[in-house]
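Structure, as structure tokens:
Lettering of chains follows the sequences in order, A, B, ..., and the numbering in each one begins at 1. Nothing here was measured: the structure is a model prediction, and the numbers come from that model.
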Protein chains: 2
Amino acid sequence: MATDEIRLQAVVTRFREAGVNGALGDCPVRGILDKISDKWSMLIVLELADGPLRFNRIRRAIPDISQKMLTQTLKELQRDGLVSRKVYPTVPPAVEYELTALGTSILRPFSVLIEWADASWETIAAARSSYSEQNAA
Amino acid sequence: MATDEIRLQAVVTRFREAGVNGALGDCPVRGILDKISDKWSMLIVLELADGPLRFNRIRRAIPDISQKMLTQTLKELQRDGLVSRKVYPTVPPAVEYELTALGTSILRPFSVLIEWADASWETIAAARSSYSEQNAA
DNA sequence: CGGAATCCCTGAGGATACTG
DNA sequence: CAGTATCCTCAGGGATTCCG
């Protein structure tokens, strides 16, 4: 509906003014979106979606992540307050990572994105094949 | 509400099963999300949100993009069917880029993400400062 | 188990110059 | 104006090794 369109435009426009035409470093929104575009953050957050997990459990869940990147990304997520870390002083040590309230709140934007991707990938695949068809030697 | 939570979980779980635990190349959803996480795609799409623009107009709107990356990203967006390209045979040539219906449809997921970022950046900033406080030498 | 530290390499992407 | 074609840099991230 029309009011919805207007709202969308407002959001987009505000983003542009703050993020692209303004000073880049000063735009918190663009800074955060850069984090979204991080290679691993989103995957890890999604893994933690249905409960706390331990380090190596996450590692196994995302086969193609290196230990270094997992450590590093978890630290960043912690620093940003999306993930909490709990250490149990057992032997050997057990460490649990869990989404905070903030971390949980980002699941909704993510799911909207995933739903779009899921609904659109066939259209995109079709566009690609007709594109390469057109550009066939 | 609860039914909403269940729906969210379902989306997230389906993504994980298809994308992370499965064969990576076979998962169209993860492939598409990789494109979202592209450094420039989202910015360009947002620039085109309120109407067609010409090449150098986009370039000026995103000051820190190189012409190489703009060309390349526009080509990818075209190939994926998000953006259409219209050439006017004038002298000098004029080329207009415009969102397709598919391209317009991704604005909504984007706006949800932006709204989240806009609503959360203060919380994140606070988390960061208390984090660095804790880890002060 | 859950990391930290180091070394190393690839490829995304910037700078520059040229063309229709 | 709207690109194409090279060259080159540098940081993201993999592989490996070591530690409490």
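When each of C:dG2, D:dT4, C:dG20 is scored by its nearest atom to the side-chain atoms of B:Pro93, the top-ranked nucleotide is C:dG20. Here the nucleotide nearest the side chain of B:Thr71, chosen from D:dG13, C:dG14, D:dT4, is D:dT4.
Note: CG (B:Leu53) to P (D:dC1) measures 15 Å, nearest angstrom. The distance between atom CZ of B:Arg59 and atom C1' of C:dG13, rounded to the nearest whole Å, is 13 Å. Remark: C1' of C:dG2 and CD of A:Gln72 are 16 Å apart, rounded to the nearest angstrom. The nearest whole Å value for the distance from the CG atom in B:Leu70 to the P atom in D:dC1 is 14 Å. The nearest whole Å value for the distance from the CE atom in B:Met69 to the P atom in D:dA2 is 19 Å. Between the CD atom of A:Gln78 and the P atom of C:dG2 there is a distance of 14 Å, rounded to whole Å. As rounded to whole Å, 11 Å separates atom C1' of D:dG13 from atom CG of A:Asp38. A:Arg85 places its CZ atom 10 Å from the P atom of C:dG2, with the value rounded to the nearest Å.
In terms of phosphate contacts, A:Arg54 brings a side-chain nitrogen or oxygen within less than 4.0 Å of OP1 or OP2 of C:dG2. For C:dG2, neither phosphate oxygen OP1 nor OP2 lies less than 4.0 angstrom from any side-chain nitrogen or oxygen of A:Tyr88. Taking only side-chain nitrogens and oxygens, B:Lys68 never comes nearer than 4.0 Å to OP1 or OP2 of C:dA12. For the pair A:Lys39 and C:dG11, the criterion of a side-chain N or O lying under 4.0 Å from OP1 or OP2 is not met. For C:dC1, neither phosphate oxygen OP1 nor OP2 lies less than 4.0 angstrom from any side-chain nitrogen or oxygen of A:Tyr97.
Both B:Leu107 and B:Trp40 belong to a single network of hydrophobic side chains, linked directly or stepwise wherever heavy atoms of I, L, V, M, F, W or Y lie under 4.5 Å apart. No continuous path of hydrophobic side-chain contacts links B:Tyr88 to B:Ile58 [ILVMFWY only; heavy atoms under 4.5 Å]. Linking Ile, Leu, Val, Met, Phe, Trp and Tyr whenever their side-chain heavy atoms come within less than 4.5 Å leaves A:Ile124 and A:Val112 in two separate clusters.
Side-chain to base pairing of B:Glu96 with D:dA2: no donor and acceptor N or O lie closer than 3.5 Å to each other.
With A:Thr100 contributing its side chain and A:Leu82 its backbone, the two residues share a donor-acceptor pair below 3.5 Å. With hydrogens and angles disregarded, no donor-acceptor distance shorter than 3.5 Å links the side chain of B:Asn56 to the backbone of B:Arg59.
Counting any heavy atom pair closer than 4.0 Å across all strands shown, A:Gln67 reaches a base atom.
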